[in-house]
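Below you'll find the structure, written out as structure tokens, and then a few comments.
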Amino acid sequence: MNRSYPFLVLAAVGLFATAPVLIDLAPYESTMGLVQKIFYYHVPSAMVMFLSALVCGVASALYLFRKNTAADRWASSAAELTVVFGLIVLVTGPLWARKAWGVWWQWDARLTSTLLMWMIFAAYLLVRRFGGPGAEKLAAAMAVFGMANVPFVYVSVNIWRTIHPTTRVVPTLAPGMRGVFWFAVLAFMVLLALLLPLRARLGARREELEELYLMGDEGE
Amino acid sequence: MAETGSEVNVMLLLRREWGSVVRVVVGVLVVLALAVPVATQATQPPPGGAPPAQEEFVPVKDLPHQEQLPGGPLVLAAYGFVWAVLLVYLWTIWRRLGKVEREMRALSERLKGQQRRIEGRM
């Protein structure tokens, strides 16, 4: 966390305050109508989920192969954010699907692989919380596998037959939708840039606290 | 056994009748084969043209469930959930940070007390 942090906070507040207005002004999609506007929070959340999963996987690999404890701290922070943004994706998606597809859930390639990826990172947090001594390494290995899932989840809609829209939707967005979408993506990316160092700071302070406890035990 | 004249006449009559029955059946089948595609085509809307005339009014409540489901509450639920999750997560980080900071302050005080006791003994 550095001096740019307050500016990031202001930027995030401004972006998230403006986004609903722009989303309201965005044109309605021809077949889905109003419910398609969930897209402007659903897809950026998925992008942030993918990015934080990649950060978690890379940082975990650094921890496993170079014994970098700071990388482990960033990995656990990124894993928590993957679970938070994954939860948003997994809840807003069915709310959209209920109207667009007529069902809350469909066991197709994209939805199922996203759920599995989310479960891997949820398991990562559980292993770290309840795994006991040495659980960090086991969790780091899980994170590497979780990261390897990201490209499969992304291309799943293009490879397997699915009712989920393909990856061609975003590059071919109509001008009125494109600007609003990338604005929402920017808002979520700034939020990630805020939350990741904040959560890493929490991890760093916990480590300092543990060192203080050890010093106290040695002094008695 | 040789056939009598009357039996031959009956057989000829039957053969002639059978031939006319077959002709009638074939004729009916040909007419049906031609009429069915024309009839089904007439019931379908012309491709790219105006929709067929409405034959009945369907009240909204009689529509299938999916079509009468309003999108507004779903959109509000989705956006409300996003905001709730983000605010709750921010609150948990703030709470956890506050707890760690309080523990660190208490521990620092305890360590300072220990230090003073050690210095007092010396």
Side-chain angles (χ1 to χ4, degrees), chain A residues 12 16 19-20 23-24 28-29 32-42 44-45 77 80-81 83-104 188 191 194-195 198-199 201-213 215-216 218-220, chain B residues 45 47-48 50-51 58-122:
Chain A
F16 272 90
I23 291 166
D24 184 46
Y28 280 50
E29 201 274 333
M32 290 179 276
L34 176 67
V35 83
Q36 181 268 343
K37 297 206 175 199
I38 291 175
F39 163 81
Y40 297 106
Y41 273 22
H42 175 76
S45 302
S77 309
E80 205 172 279
L81 287 169
V83 171
V84 169
F85 285 100
L87 184 67
I88 289 175
V89 173
L90 289 168
V91 171
T92 55
L95 286 168
W96 184 2
R98 181 66 188 88
K99 173 76 179 167
W101 302 339
V103 289
W104 295 103
F188 273 83
L191 188 67
L194 272 176
L195 292 177
L198 188 67
R199 178 59 185 79
R201 181 183 152 84
L202 174 64
R205 297 297 277 169
R206 275 183 177 159
E207 283 170 18
E208 286 171 31
L209 183 67
E210 278 170 23
E211 279 172 23
L212 274 177
Y213 270 121
M215 279 169 66
E218 282 166 10
E220 282 173 358
Chain B
V58 180
V60 172
K61 66 178 179 60
D62 294 343
L63 283 174
H65 188 61
Q66 186 195 344
E67 288 179 31
Q68 58 174 288
L69 187 73
L74 293 169
V75 175
L76 281 177
Y79 282 85
F81 182 78
V82 171
W83 280 93
V85 166
L86 292 178
L87 289 174
V88 166
Y89 183 65
L90 263 175
W91 177 74
T92 62
I93 290 186
W94 175 75
R95 201 175 62 95
R96 285 182 285 175
L97 257 175
K99 190 183 168 195
V100 169
E101 297 290 346
R102 273 196 307 277
E103 260 186 80
M104 280 187 85
R105 274 196 299 275
L107 200 56
S108 297
E109 291 297 318
R110 211 176 82 192
L111 284 173
K112 276 179 194 166
Q114 275 181 1
Q115 191 75 27
R116 277 196 294 272
R117 275 202 305 274
I118 291 167
E119 282 169 7
R121 277 184 216 150
M122 284 176 147

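No hydrogens, no waters, no symmetry mates; every other heavy atom, side chains included, goes into these values. A note on names: the letters A, B, ... follow the listed sequences, proteins ahead of strands, and every chain is numbered from 1. Given the structure is predicted, the values throughout are model-derived calculations rather than measurements.
Salt-bridge formation is not detected for the pair B:E101/A:R206: no Lys NZ or Arg NE/NH1/NH2 atom is positioned less than 4.0 Å from an Asp or Glu carboxylate oxygen.
Atom CZ in A:R199 sits 13.0 Å away from atom CG in B:L90 (nearest 0.5 Å). Note: A:I38 CD1 to B:F81 CZ = 12.0 Å, rounded to the nearest 0.5 Å. Distance OG/A:S45 to CG/B:L86: 7.5 Å, rounded to 0.5 Å. Once rounded to the nearest 0.5 Å, the distance linking CG of A:L81 with CD1 of B:I93 reads 6.5 Å.
Heavy-atom proximity under 4.5 angstrom to chain B picks out A:V91, A:T92, A:L95 from residues 89-97 of chain A. Scanning residues 102-109 of chain B against chain A with a 4.5 Å non-hydrogen threshold yields B:E103, B:M104, B:L107, B:S108, sorted by number.
Heavy-atom minimum distance, B:Y79 versus A:I23: OH-CG2, 3.5 Å. Closest approach of A:L34 to B:V75, counting heavy atoms only: O-CG2, 3.6 Å.
Proximity to chain A is absent for every atom of B:Q115, based on heavy atoms less than 4.5 angstrom apart.
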May I have the step-by-step check of side chain to side chain contact (heavy atoms under 4.5 Å, CB included) for A:Y213 and B:L111, ending in yes or no?
CA-CA 9 Å; A:Y213 270 121; B:L111 284 173; over 6 Å; no
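A perpendicular orientation is assigned to the rings of A:F16 and B:W83, their planes being inclined by more than 60° (bins at 30° and 60°).
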